[in-house]
Every structure is written in C-alpha cells, then in structure tokens.
Amino acid sequence: VTDAATTGRGTGVNGDTKTLNTYFSNGTYYLYDTTKPMSGIIQTATAQNRSTLPGVYSTDADNAWTASNQRADVDAHYYAGVVYDYYYNTHNRNSYDNRGASITSTVHYQTNYNNAFWNGSQMVYGDGDGTTFAPLSGALDVVAHEITHAVTERTAGLQYQNQSGALNESMSDVFGYFLDPNDWLLGEDVYTPKVSGDGLRSLSNPESYGQPSTMSNYVNTTSDNGGVHINSGIPNKAAYYTISSIGKAQAEKIYYRALTTYLTPTSNFSNAKSALLQAASDLYGSNSSTYNAVRSAWDRVGVN
Ligand SMILES: CCCCC[C@H](S)C(=O)N[C@@H](Cc1ccccc1)C(=O)N[C@@H](C)C(=O)O
Ligand SMILES: [Ca+2]
Ligand SMILES: [Zn+2]
C-alpha cells in the first residue's frame with residue numbers, strides 16, 4: 001500500500017492559491033498534515049452542512065483542491081498550519097496543549113452559519129450566509145481566534161462569562177491580530193463580503209463597531225454570556241495602545257506570558273493589568289519603558 005505525505009494545491013475562500021500539506025492513501029488525497037515537528041497531525045473535515053462533528057475527512061481525487069465547495073476546507077487547513085507554526089516558532093508552544101495535540105477543523109457546519117467556534121475538542125466553521133459572512137475559515141485572524149481559545153482553555157482557563165469571558169474573547173482577538181497584523185480589524189477578510197474595508201471588530205476603534213473602549217462604558221448585560229463580545233473592546237483597546245507603543249514583538253511576548261503564567265479562570269480586567277505588568281517586569285524590568293507603556297495603556301481605558 002502506498003500511503004504518503006503529499007503536497008497539494010488549493011484555492012482559498014478569497015480565490016487565492018495555496019500550497020497544502022496533504023496525505024495520499026488508497027487512491028484518495030486527504031487534508032491531513034503530518035509535517036509538524038513532534039506534533040500530532042493537522043486534519044480538516046466537513047460537516048456536509050449538518051451538525052454532526054467532526055463529520056467526514058475532506059477528500060480530493062487529484063490533490064488539486066480547486067472546487068468552489070472546497071475553498072473553506074482549503075483555508076481552514078492552511079491557516080491551522082500557520083497558527084500551529086506561529087505558536088511553535090514564536091512561543092515555543094507545541095500545539096494548543098503544548099504536548100503536540102492534533103488540530104482538527106470542521107467546515108461547512110450547518111447552513112448559512114454566521115459563526116466559528118472551538119467546542120473544547122476542535123474548531124468548527126460556518127459557511128456564513130454570503131451577506132454577513134463568507135466562510136469563516138477564510139480569515140487567518142478568525143482561525144487564530146479559535147485556536148487561541150484552546151490555548152486559553154489549557155492555560156488561564158478564563159471562564160467564558162462577564163469580565164473573565166471578555167478577557168477570554170480579547171485574548172483571542174489580540175492573538176488574531178498577532179497572526180494578521182496588516183490592520184487593526186478582526187474578521188475583515190470574511191465579514192460582509194459585499195462591503196470592503198469593514199470588519200466585525202476593531203482593536204484601534206472598538207466604538208466604530210459598537211463596543212466600549214473604557215471601563216466607564218462597561219456594559220452590564222445577561223446576553224452574550226455577560227457581553228463577552230461587547231466588553232472585550234476595553235481590553236482590546238488597551239492592547240491597541242500597548243502594541244502601538246512597544247511594538248508587536250514585545251507585546252506578543254508579554255501577552256503570551258500573562259496568558260500562560262499569570263491569568264486564572266476568574267481573572268478580571270484589573271487582574272489582567274497586573275498580569276501583563278508582571279509579565280512586562282519579568283521580561284523587560286519594572287522600570288522599563290515597556291512596563292510603563294502597559295500601565296499607561298490600562299490607565300487610559302480606566303482599569304486600575
Ligand atoms: C457558538 C457560540 C459562540 C462562540 C463564539 C466564538 S468563540 C467566537 O467568538 N467567534 C468569533 C468568530 C470571529 C472571530 C474573529 C473575527 C470575526 C469572527 C466571533 O466573534 N463571533 C461573533 C459573531 C459572536 O459570536 O458574536
Ligand atoms: Ca485582521
Ligand atoms: Zn471567541
């Protein structure tokens with residue numbers, strides 16, 4: 001039997017061509033990447049527009065993944081590999097559990113599903129309805145957002161409600177930015193495909209998308225698990241100030257260290273400020289301009 005790791009070619013959600021790590025077995029090609037060091041595999045499946053997970057492996061006959069209904073599969077697979085490489089190369093983290101866990105993605109979840117999520121075991125992507133969203137795996141910052149939920153779950157464990165939940169969401173957005181730093185927008189590559197230049201959220205200007213950016217405008221609500229997608233604007237704005245001041249290279253070190261060393265399941269915004277300051281102190285000193293930039297950022301969003 002001639003099983004083998006192979007290299008394929010695919011078309012992404014936005015019509016771009018990508019090289020894919022695939023696998024050939026028994027006459028069929030699979031979105032099954034065995035190339036990562038010490039890690040498990042990265043594998044992509046389709047729910048075939050139903051809700052059963054993980055669904056069935058995405059397959060192709062000739063390793064040219066160019067059909068229109070394969071675009072979401074191509075990007076989910078390719079971007080999962082990009083995010084794996086980021087955590088491994090930048091933070092020396094071997095997959096979301098730091099022990100080489102396999103990364104599984106399922107696309108074509110339900111019909112016109114305008115969301116993506118981590119379900120505790122895998123990533124799941126809807127195709128969008130074509131107006132609000134294009135297939136959500138088509139954006140690297142979305143894929144990074146979802147995998148970062150898995151990292152958070154295995155480290156800080158931030159409870160998905162109220163302030164800890166907004167922090168959880170913010171960490172996913174901030175690492176979404178670190179993966180896709182071309183702009184301060186989140187989801188711009190798949191959000192409102194008929195409208196250009198917008199995103200679902202903005203780190204630099206949360207208000208432009210209906211989020212608060214100061215503690216004084218924190219939204220007390222029972223919906224959305226206590227407004228986790230609303231109040232994330234406050235830590236997101238602090239991240240914008242921090243990154244703008246000290247740059248991406250130092251910021252991502254501080255954020256990774258705070259997330260994996262100091263934050264806990266019940267951390268609130270004030271605890272996040274302390275965690276980031278402690279990380280900045282550990283890495284750059286408590287009298288450093290880096291430390292002072294982090295403190296200033298959180299002062300400016302009104303978190304003491
Ligand atoms: C199914 C239950 C809800 C899970 C929410 C997931 S983690 C989530 O936050 N998804 C992101 C997807 C995303 C990420 C970055 C950029 C664009 C879109 C999200 O923000 N979802 C919005 C639509 C929401 O759930 O309100
Ligand atoms: Ca982006
Ligand atoms: Zn999320």
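All ligand and atom numbering here is 1-based and tracks the order in the structure.
- Between Y191 and F133, the ring centre distance stays below 6.0 Å.
- In this structure, Y262 has no ring pair (Phe, Tyr, Trp, His ring centres under 6.0 Å) partners at least two apart in sequence or on a different chain.
- Y109 and F117 have their aromatic ring centers within a separation under 6.0 angstrom.
- A side-chain hydrogen bond (donor to acceptor under 3.5 Å, both in side chains) with T22 is found for exactly one of D60, D33, T34, N63, namely N63.
- A donor-acceptor contact shorter than 3.5 Å is absent between the side chain of S95 and the backbone of D97.
- Side chains of D180 and N182: a donor-acceptor N/O pair is present below 3.5 angstrom, by distance only.
- For ligand 1, the 4.0 Å heavy-atom shell contains residues Y113, N115, A116, F117, V142, H145, E146, H149, Y160, E169, L186, G187, L200, R201, H229.
- For S102, the side-chain contact (heavy atoms from CB on, under 4.5 Å) partners at least two apart in sequence or on another chain are I41.
- For the pair T132 (side chain) and G128 (backbone), a donor-acceptor distance under 3.5 Å is absent.
- Taking a cut-off of 2.8 Å, the protein N, O or S atoms nearer than that to the Zn ion (ligand 3) are H145 NE2, H149 NE2, E169 OE2.
- The closest donor-acceptor contact from the side chain of D224 to the backbone of H229 lies under 3.5 Å.
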